[in-house]
Every structure is written in structure tokens, then in C-alpha cells.
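Each ligand, and each atom within it, is numbered from 1 in the order the structure gives.
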Amino acid sequence: MYGNMMFQPLLISGLIEHAQTYHADTAIILKNTNGTITETTWGDIAQNSKRFANYLKTLNLAASDRVATIAWNNHRHLETWYAVSGSGLICHTINPRLFPEQLSFIINDADDQVLIFDKTFVNLVLSIKDSIPQVKQFICLDAYDADIAQIFPDIQFYDDLIQPQSEQFEWAKLDENSASSLCYTSGTTGNPKGVLYSHRSTVLHSYASCLPDSFCLSANDRVLPVVPMFHVNAWGTPYAAAMVGASLVLPGPMLDGTSLVNLIDDFQVTTALGVPTIWQGLLNAAQTLGSQLSSLKRNVVGGAACPPSMIKTFKEKYQCETIHAWGMTETSPMGVINQLKAKHAQLDDAAQDQLRLSQGRPPYGVQLRLCEQENGTTEIARDGRSVGNLQIKGHWIVDTYFGQDRTALTTDGWFDTGDIATLDQDGYMNIADRSKDLIKSGGEWISSVELENIAIAHPDIDMVAVIAATHLKWDERPVLIAKKSAHGAVTEQDLLDYYHNKIAKWQIPDKVIFVDAIPIGGTGKILKKDLREMYGSVLLETE
Ligand code: ADP
């Protein structure tokens, strides 16, 4: 027997309809590429997305055709998202920082029919245009620009396209399991693979991310997604914000510390989300500018391990709660979030700080387990100590990669994340490392994350990465690559001494290499693969 309740499919169009109906005057603020600020509202975003949906209808695309975007976090980009998914098409967000060959590979793999891009990417798109012949329409996300029109003959301009269109549009009536958007893994560890989200998975993920024990979003918040919309849909914040009617501040391309501090202070941002390298830049800028970041209640840090020293600085200096979270493209991305429980209130500060270092615990909708082998099915203890291959399952977790027939899951239906972690009885998870980054020294494992967390706490250090270098006797040994802060005078020996009494002696890196810059990938993460290529043999040379 079925229950007697209404059935309504969980659709992305429902989110923008809600924002338009109940939060029409809530502000959406954005920084344009030229540095100027535009203020708009959820009401305007909804109207323009309907105008663009009317335009898309004129293209006679087939259901589930892919429409790609190469754009920063801005209002027009947001409008296209809702227009594309709401029309029954698939919004494919592309990372502009990929190499041109990777861009063409992804656009061809996805068979994108329309390409929408920010003005800043005109030359990039021109450079790959001949290698993406199936793209029928090129749309510049801006007002008409005669110079661009001259160098790009068949280009269309977004503002011209939507201007004559009606702001009335009936969203497509879709099965909630229809595909809504497509995002490729950033390829930090291999070839990019497409993850195809559904309307249902996106809406459920939005519900879960707004929960108090998740990102805790509400109509009282002003949210700054520093994480780009092309990086796992800005962690779903543009959907979650519409769901609760939160105000958004979209930073455009300027993700440097000073720009972000100014945005936070000028527009009283309450919640900001980004990867650790972003926060390092922001903390440096806040110190230089003398900002107290007084409106910022919480910042969500994910995408890579959050150093404990960062959590401490945000808490002690800025009274800002740092929420550590873990996820991946394949998990929409929210997998676990670190919020404490009532029973932890009685713990002293040191014990609470210790708990806060974990990546967090799963919200309803996600389950975790550890297995002995990668893609294995033999579970190991959730005792907070045993280390194993982290597997995940849930409503917003990938089943099959785009364009592949074979499921990406284990024989009993779990997704192996490629991360090595511990889990405790409450579900608090600690990532030891990515399986590819672990250092295998003489049969023992050393966590690169743990070594990085120690070094980054040194006051003279700005950024670090620990890699496995090949070693004749031990197979691999840790090498620390470090970038000093502006006036840092620390020496190699100082840094090695800094590890004493913080970690077992045999885990201390064999060498420190100071560099002027550490390579960062398209999503702001340190490119350890590149560092391994550059310095992986350094211990052989010195022997
Ligand atoms: P890519 O795999 O190309 O880097 P993703 O953005 O999907 O692209 O990265 C997911 C991976 O990032 C995870 O599998 C994990 O290794 C790492 N990661 C994400 N969040 C954290 C975190 N809080 N701590 C440590 N590692 C993290």
C-alpha cells in the first residue's frame, strides 16, 4: 500500500521557483571582472533564467543535451544554471584552468552542443574552437562588445539574447532522476571523469547541506562561495542558498586574500566556503589590512586537509568557527562535515580542538565504511585507530561515470574513494592520505597530511607539501617542499627540529626544499603529482 501523500518530483527548478516566490528581494551581490560591484536579487536571477530558458527553447536541443559553461562565480552564470537544468538540459561546468587539450577532450567527451563563457575566456575558447566541431552556439556571458564580435564572428552575447525574451517560462516537467548537471573530476590523480548529477540527488544534497550540523545555512545568512561554480558546483551552495533564501556574494575571478577580505567586510558575509590555500591567503591579507572579519560566523574548509593551525587562528583571532569538511566530485561533494555533538560540550578545549581536526561525520543520506583492500568488501573496525580504504554510499554519490557502462562501485554497491582514513563509532572520519600520496617507508606508512600539518604551523612558513621521494634503502622517504612567508628566515635544520617530539623520529622528513612557489591546480589544490615529478628523485641524487 502506498501512502496517501502528494508526489512532487525533486527538481532544481523548484529551488529557483521557491527563491523567486519567497525571497525575491534577497540580495545577490557580485564582483565583476573589472572590479565593479553589481547588486541584483533572487527575483531578478529567476526572471533572467526564465528569459534564457526561452532562448534555449529556440535552439531546439534534444532533452538531456549538454550545455557547457566556462565561467567564474557571477550572476549570469547562476542564471544559466537554472535555465539549463530547468529546461531538461544538462549543465556542464568546465574548469577554465585546464590545459586547452584537456578542455577540448572534456567538451568532446561530454558532446557539448552549446558553450557559454565569460568575456575573459574569449581567447581561450577561440584557441580550441576548431577542435570542438559539434558545438553549435558560442555565447559570451556579457553585453555586446564590438571588439569581441570582430574576432569571433559567430558569437552571441547573453544580454542581447535574453533582452527580447519573456520572463514567463514553464519549467520542464521531468522525472526527478533525470540528469541535471555534469562535472568532471579535476584530474589531480588521473584522467578527468564525468560525474552526472540528477535533479533528485542535487535537491537532496541541498537539504542536507543546509542542516545545522552541516553548513548551517538559512535566510539570515550571506554566503560567499569562494569555491568556483566549476568545482563540484561550488559545493552545491548556489542550490542550497536558493533553497533557504540565503543571500549570495559571488567573487568573480578575484580570489586573492585582499579582495576576499574586502568582500567579507563590505557586504557582511556570514559564511564563506573554500579550499585551504584560499584561507591561507585570506588570513595573511586580514592581518595586513587589520580586518577583524567581524561578520564572518563560519568558514567551511574542504577539498584538502585543513591544517589545525588554521582552525586555531580563525577561532582565537577572528571568533570564526572553522568547519572542516570532506568530499569529492563523485560525492556532490558533501561526504562528511565536522560539527561536534552535545556530549562533547563537557570536554576541555584541547579535547574539542582534537575532535575538530577530523574531517567530520556523515549527515543523514551518507554512509561510510573502511575496507582492507581498495575496492574490497571486507570491512575493518571503526575504532578511530584502524586505517583502511574509505568507501561511501548514499543518495548523492556516483554510481557510474558519464559515458561508461560499468558501475564504479564495489561488488556490494559502495564507492571506493581512493582515500585512506580512520573512522570512529560516531562516524568521525580522519583522512590519513590519498592512497597515491601515502609515503611507504620500509613497509610502514607515513601520512603526508600529518607532516604538512606540523610544518604549516611554523610562523615562517606560508605553504607546504610533503611528497614521497624514492629511496634506495626504504623505498620511499618523505621530503618537505616549503614556501617561506615574506620575511621568513627559517632554515632546513630549524624545520626538521620543529618536528621533534611532535611525531615519531623515523617519520621526520629526510630533506626540506625551499621553493618560491608551490604548483596549484585548477581547483586550488597543491599538485603533488607535479612535485613528485620534480623532486621524486632528489634523495637518490644526494646519496
Ligand atoms: P580531484 O580528485 O581531482 O582532486 P576532487 O575535488 O573530487 O578532485 O577531490 C577529492 C579529493 O580531495 C578527496 O578524495 C580527498 O583526497 C581530497 N579531500 C577533499 N576534502 C578533504 C579534506 N577535508 N581533507 C583531506 N583531503 C580532502
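- In terms of N/O distances under 3.5 Å, ligand 1 is not approached by Thr185.
- Thr417 places none of its side-chain heavy atoms less than 4.5 Å from the side chain of Glu330.
- Put simply, the side chain of Asn108 gets close to the backbone of Ser131: a donor and an acceptor are under 3.5 Å apart.
- Interface atoms of ligand 1 facing Gln359, defined by a heavy-atom separation under 4.0 Å, are 22 (C), 23 (N), 24 (N), 25 (C).
- Considering backbone and side-chain N/O of Met328, none are found under 3.5 Å from N/O of ligand 1.
- Ala304 counts as a contact of ligand 1, since one of its heavy atoms falls under 4.0 Å from the ligand.
- With ring centers used as reference points, Tyr239 lies 6.0 Å or more from His205.
- Salt bridge status for Lys528 with Glu452: present, with a side-chain N to carboxylate O gap under 4.0 Å.
- In the model, Trp326 has a side-chain atom that pairs as donor or acceptor with a side-chain atom of Asp419 under 3.5 Å.
- Using a non-hydrogen distance threshold of 4.0 Å, Ala325 registers as a contact of ligand 1.
- The heavy atom nearest to atom 10 (C) of ligand 1, out of those in Lys528, Arg434, His324, is found in Arg434.
- Contact annotation: for Asp419 versus ligand 1, heavy atoms closer than 4.0 Å belong to the side chain alone.
- No N or O atom of Ile431 sits closer than 3.5 Å to an N or O atom of ligand 1.
- Atom numbering of ligand 1 starts at 1 in the shown order; those under 4.0 Å from a heavy atom of Gly303 are 12 (O), 17 (C), 18 (N), 19 (C), 20 (N), 21 (C), 27 (C).
- Rounded to the nearest 0.5 angstrom, Thr237 OG1 and Leu224 CG are separated by 9.0 Å.
- Salt bridge status for Asp437 with Arg532: present, with a side-chain N to carboxylate O gap under 4.0 Å.
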